[in-house]
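A quick write-up on the structure given underneath.
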Amino acid sequence: MTAPLTPPPHHQPHSVGGWGTPSSGPPVAYGQDEGPGIRTELREAAVIMAAVAAAGALLGLLWLWLAPRVPLVADSDAVYLGDTEGEQAIGIDGTFTLLAVGFGALSALVVFLVRRRGGIPLVAGLAVGGLLGALLAWRLGVWLGPAQDVVAHAKEVGKGVTFDAPLKLEARGALLVWPVTAMLVHLCLTALFGPRDPDPYADLHAYGPYGPPPADGSGQGPGYPPGGWGQTAPPGPQPEDTTPADHQDRSPYAPPEDPRPGRP
């Protein structure tokens, strides 16, 4: 007949960051402020996309006004460049690119000031709106610019008369400058000045592994040190030192005494 087996001891769980019983305080509030619903975010993203795309009309007008002109001259046989060493064609693409950078940064700043929380739908609406705005600016500038039919325009002005070439965007990659700039600027603004998520370990940093004190103000709780966390021990008689007087002044490194009587 064997003795009954002793059940294994029940191990108490350790609190986060130290030993002792878990904190008795309320759970840390995390993720309570979830923000607006997905429908509201999609609606706001659609409004932002439409507003940013409509701003492309202003970009097209500024491009038409600020872009340099390419001079052309016609004779009885063909149409020639009026300035063979000129860089007006490159200047047209550069003007559109610089304006797109400015519009991208400005639109990102306005969207951030209006909606600081951000979100994937909002950034997607900003990027799509920037791309649509760049396309609108490109087509509007070409449409309002000089005539696209160079031959008819040359016959209209006559031989030997200088006229402007059609407005063209040779570098089509400039259409992506607005949305890319808007996303990068909005990302930087959100990282620097956007709202922060609540720290789930705020109570642990403030009170340590024992958690916040009880609501009754007693300063005592499960796992709390004597006198409460951050408090001194309560007044009263303290346990006396029972160490013999002849042992109090001995060095901890001294050899042990001989217990036999008459021995040093």
Side-chain angles (χ1 to χ4, degrees), residues 42 44-74 78-112 114-115 118-157 161-191:
L42 291 177
E44 293 177 352
V47 173
I48 290 174
M49 180 184 66
V52 173
L58 179 59
L59 173 58
L61 295 177
L62 289 176
W63 181 47
L64 177 63
W65 177 39
L66 298 176
R69 299 292 186 264
V70 178
L72 297 178
V73 179
V79 179
Y80 305 95
L81 286 173
D83 186 4
T84 56
E85 298 182 357
E87 298 181 353
Q88 291 85 353
I90 300 177
I92 292 175
D93 295 345
T95 302
F96 188 93
T97 302
L98 293 178
L99 289 175
V101 169
F103 272 71
L106 182 60
S107 59
L109 177 61
V110 172
V111 170
F112 176 76
V114 173
R115 185 73 162 75
I120 296 178
L122 183 141
V123 177
L126 178 62
V128 174
L131 180 59
L132 295 178
L135 291 172
L136 176 61
W138 170 44
R139 299 313 305 171
L140 182 64
V142 171
W143 180 55
L144 296 179
Q148 297 295 310
D149 192 346
V150 177
V151 176
H153 196 184
K155 293 180 179 181
E156 180 182 354
V157 298
V161 179
T162 303
F163 61 96
D164 295 333
L167 195 62
K168 293 182 179 181
L169 185 64
E170 300 294 342
R172 298 299 172 83
L175 298 174
L176 300 176
V177 173
W178 185 344
V180 172
T181 303
M183 287 191 296
L184 292 178
V185 173
H186 189 273
L187 176 62
C188 294
L189 292 175
T190 304

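Note that the structure is a prediction, hence the values are computed from the model and not measured.
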So, for [X] and [Y], which heavy atoms are closest and what is the spacing to 0.1 Å?
X: L136; Y: A53; result: CD2-O, 3.5 Å
X: F96; Y: A134; result: CZ-O, 3.7 Å
X: G130; Y: V52; result: N-CG1, 3.5 Å
X: P121; Y: A45; result: O-CB, 3.1 Å
X: P179; Y: A127; result: CB-O, 3.3 Å
X: A154; Y: V79; result: CB-CG2, 4.0 Å

Heavy-atom check, side chain of [X] versus side chain of [Y], under 4.5 Å:
X: F103; Y: L58; answer: yes
X: L61; Y: L144; answer: yes
X: E87; Y: P68; answer: no
X: I92; Y: W63; answer: yes
X: M183; Y: L126; answer: no
X: K168; Y: V70; answer: no
X: L169; Y: L175; answer: yes
X: P166; Y: V150; answer: yes

Rounded to the nearest 0.5 Å, how far does [atom2] of [Y] lie from [atom1] of [X]?
X: L189; Y: L184; atom1: CG; atom2: CG; answer: 11.0 Å
X: L131; Y: M49; atom1: CG; atom2: CE; answer: 11.0 Å
X: L72; Y: D164; atom1: CG; atom2: CG; answer: 8.0 Å

**Message:** Can you pull out every side-chain hydrogen bond (donor to acceptor under 3.5 Å, both in side chains) where at least one residue sits in residues 139-152? Sequence neighbours excluded, please.
**Reply:**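 Output for this query is empty, none listed.
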**Asked** Tell me the side-chain hydrogen bond (donor to acceptor under 3.5 Å, both in side chains) pairs involving residues 89-108, sequence neighbours left out?
**Response**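 Sorted result for residues 89-108: S107-W178.
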**Request:** Not counting sequence neighbours, which residues clear side chain to side chain contact (heavy atoms under 4.5 Å, CB included) with A54? List them please.
**Result:**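 A54 satisfies side chain to side chain contact (heavy atoms under 4.5 Å, CB included) with no residue once adjacent residues are dropped.
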**Prompt:** Would you say the side-chain atoms of R69 pair up with the backbone N or O of A67, donor to acceptor, closer than 3.5 Å?
**Reply:**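 Checking the backbone N and O of A67 against the side chain of R69, a donor-acceptor pair under 3.5 Å is found.
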**Request:** Please work out whether the ring planes of H153 and F163 are parallel, tilted or perpendicular, with thresholds of 30° and 60°.
**Result:**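 Tilted, since the angle between the ring planes falls between 30° and 60°.
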